[in-house]
Amino acid sequence: MNDLPGIAFQLLQSVFVVLAAPLLVGWLNKCRAWLQNRAAPSIWLPYYTLAKLFHKDAVIARDASPLFRFTPYVLFGCMWLAAGIVPVLATNLPFAPAADIVALVGVFALARVFSALAAMDIGTSFGGLGARREMLIGFLAEPAMLMTMFTAAFISGSTQLTSIVDTLARREFAIYPSLAFAAAAFLMVLLAENARIPVDNPTTHLELTMVHEALILEYSARHLALVEWAVAIKLFAYMTIGFALFVPWGIAATGDWAALPMAIAALGAKLALAGAGLALIETLLAKLRIFMVTEFLSTAFLLAVLGMLIHFLVSA
Amino acid sequence: MSGIMIKTAIYGMVRVIYDLIGGVRWEWGMLVLVIGAATTLFGVLYALMQHDLKRLLAYHSVENIGIILLGLGMSMVFIGFGHPAAGILGLIAALYHTLNHAVFKGLLFLGAGSILHSARLRNLNDMGGLIRSMPRTAFYFLIGALAISALPPLNGFVSEWLTFQTALQAPALKNGVVRSLLPLFAAILALAGALTAMCFVKVYGVAFLGQPRKIGVRARFPATGGQQDPKSGSDPDFPPHDAGNMERFGMAWLAGGCFVLGLFPTSFLLMLNRVGVSLTGHGLSDEALESSWLWLVPTASAQASYSPVIFLLVIVGVILLTFLLVRRFYHGRVRFADPWDCGFPAQTSRMQDTADAFGQPIRHVFGPLYLMERHMPAPDDAAPRFSLKIEDRHWYLVYLPVARLAAYLSSKIGLLQRGRISIYLLYSFVTLIALLVFVR
């Protein structure tokens, strides 16, 4: 535990993720604007938005309880914690053994419960509506997410993300058909959990169709900035979990400073590609009806289970 | 009640299966798993449909017994296949959840009791905004709700995590079918956990958050068995008060228990390991036993580890750091205003989601499981009314036939009771003769 380079790497990665997350959102928006033939906004726009929001006066509903004001900090803290667990730049981080993938799913669930509670705090009808839809998506996505994780865990014999990455990245090249299924399932879960388009529309202004936006309708200024930032980190964390499970190449080992620039470059390239891909998905697909989400996420679950069964069949 | 009484069945099962019968077979484990999975899902799904707080909590007890059975079943499967280390892990997970459930369910029932005592409400649809009048109760209830929803770093998470880790030992099994089925039971556990979270968002959001749904209207039913409270009719504006000192103490130590069981699981693990050793003669792996109090390691640290203390410290530290940074660099100005009305000024507290409305997605997704009676108003109804009645199928399938059988039997047995001394003397006489004939 008492290794200085490890702690330095840990701090570096946590700060890096928090600072880089809005850039990913900016890049995503830029790609989407290009694909939709609009004039693209600056890639730095999310940072300007955050700065603007931090400088505003917070407007809070009269009857808000302390829970309402506390929640943005909880969300931000949960996501920051997640960013510290996921091997983004390096494996074998000193903090990583404190929580494995099951605990990671638990962190995301904790954030979701708090945001749903905060939405119900004011007592408007849209808050409750958003909260129940968010929890619907949550309970549909969680088993699929765990099954995906289990497939990777069975392959590597561990639920530590670090060991998973180590086994998958440093193995001789082999094709795992089970991972292909798991990857498809994970992509669907990622879209659902991050309120992306087939499930929820992040740019909507129509309250009746909102899920995630309805939850944060009452937030403003610094609270809203923290929530938005947490959402950006969540997307970043999910993408890097995906990389860790399915394309782990290029990641550095802790303490290996020479490999760090390479790791950052590899991560940047992967994120750029994934962001563009996500923008493409969002442009091509239309939003599903809320009760079609059930079928969408059951498909994800079935794919993940298939992946797991294939792993057992092939390895047996 | 919920803490101890319903666990006697679990105690009995553990005693009978491991102690009396011995030589556990894996087929029994599969049976226990199937029953456990069904119990878990039905419990939580019916809980989501309830709007009576205490009945809702009771359905959650059903669910939690199912979770315990899942752990127990996995343990039996592993032991049946000759993997005692994983089997003990499952047994420990089951027993740990038994302990956890006693703590957080006790806490939640006490919270429900405080609400009943102070607001005289049991129907969730009448509550709302109780966090303002009962902030301390709300705080303790939140801890219980987070613990039962299996969220880290509280205690419910630890036992579910152990159950997941047991399921992850599945590749060691010889039988291919069982090996692929075990993770599916883990998926059911995950589904149940997420549904529980939804249910407690509903409970907490409807009862403690939002606006009061019934201002100045007290529920009509008496708070405790029969005696009418003088305040309930005469003083409608009597506000609900927070729980008293003794009530709060009762909740506080259980809430503390949620933290202790969640943060220092290793010492409890060692205690339960002794139980496992005494029942089956096997214990956990050496690495699991030698790990320090900080780390929870079920089998080997390369496979999985979890450190709730570090987890909690980091999350609290990060939240504090965020708070201080935001406060350091930006002003903390706040204006208070009405909630955003979305262009419709006539918002009332009746427009909030009720407990029944919150369960609507569940009714949609799992509709066929319920016995539902729904009346939708027609478009041209003069007095539109919407009514919904949900009942438990088991009531008609299991309990009513049993109750009818019991009533039938007792009416037949009642024939014996004639109330005449000569007939009772005849019974004694016949019994004596019979005894003399048979017991020679």
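Residue numbers start from 1 in every chain, and the chains themselves are labelled A, B, ... in the order their sequence lines are given, proteins ahead of strands. Only this structure's heavy atoms are used, side chains among them; waters, hydrogens and symmetry mates stay out.
- For Leu320(B), no part lies under 4.5 angstrom from a heavy atom of chain A.
- Proximity to chain A (any heavy atom under 4.5 Å) is restricted, for Phe157(B), to the side chain, taken from C-beta onward.
- Partners of Arg222(A) by salt bridge (Lys or Arg N to Asp or Glu O under 4.0 Å), not counting sequence neighbours: none found.
- Of the atoms belonging to Val305(A), it is side-chain heavy atoms, and not backbone ones, that fall under 4.5 Å from chain B.
- Among all heavy-atom pairs drawn from Gln13(A) and Ala83(A), the shortest one is NE2-O, 2.9 Å.
- With a 4.5 angstrom heavy-atom cutoff, Ile131(B) touches chain A only via side-chain atoms.
- Interface residue Leu110(A): backbone and side-chain heavy atoms are both found under 4.5 Å from chain B.
- Contact detail for Thr40(B) and Ala192(B): the closest heavy-atom pair is CG2-CB, 3.3 Å.
- Heavy atoms closer than 4.5 Å to chain B are found in both the backbone and the side chain of Ala103(A).
- The shortest non-hydrogen separation linking Pro183(B) to Ser180(B) is CD-O, 3.5 Å.
- Interface remark: Val201(B) contributes backbone and side-chain atoms alike to the contact with chain A (heavy atom separation under 4.5 Å).
- When heavy atoms are compared at a cutoff of 4.5 Å, Leu140(A) does not approach chain B at all.
- The closest side-chain donor-acceptor pair between Ser115(A) and Glu134(A), if any, does not fall under 3.5 angstrom.
- Using a 4.5 Å cut-off between heavy atoms, Val107(A) contacts chain B through both its backbone and its side chain.
- Residue contact with chain B, scored on non-hydrogen atoms closer than 4.5 Å, is absent for Ile101(A).
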task: Output, in order, the C-alpha distance, side-chain angles, deciding distance and verdict of side chain to side chain contact (heavy atoms under 4.5 Å, CB included) for Met198(B) and Leu48(B).
output: CA-CA 8 Å; Met198(B) 177 168 188; Leu48(B) 270 159; 4.1 Å; yes

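- No part of Ile188(B) comes within reach of chain A, as not one of its non-hydrogen atoms sits under 4.5 angstrom from that chain.
- Looking at Leu309(A), only its side chain comes within 4.5 Å of chain B, counting heavy atoms on both sides.
- Ring pair Phe200(B)/Phe141(B) is tilted by interplanar angle, where 30° to 60° counts as tilted.
- Counting non-hydrogen atoms of neighbouring residues, nucleotides and ligands closer than 6.0 angstrom, the OH atom of Tyr47(A) exceeds 12 such neighbours.
- Residue contact with chain A, scored on non-hydrogen atoms closer than 4.5 Å, is absent for Leu189(B).
- With a 4.5 angstrom heavy-atom cutoff, Phe70(A) touches chain B only via side-chain atoms.
- For Val316(B), no part sits under 4.5 Å from any heavy atom of chain A, backbone or side chain.
- Using a 4.5 Å cut-off between heavy atoms, Arg69(A) contacts chain B through its side chain alone, with no backbone atom that close.
- When every heavy atom of Leu154(B) is checked against every heavy atom of Ala147(B), the shortest pair comes out as CD1-N, 3.8 Å.
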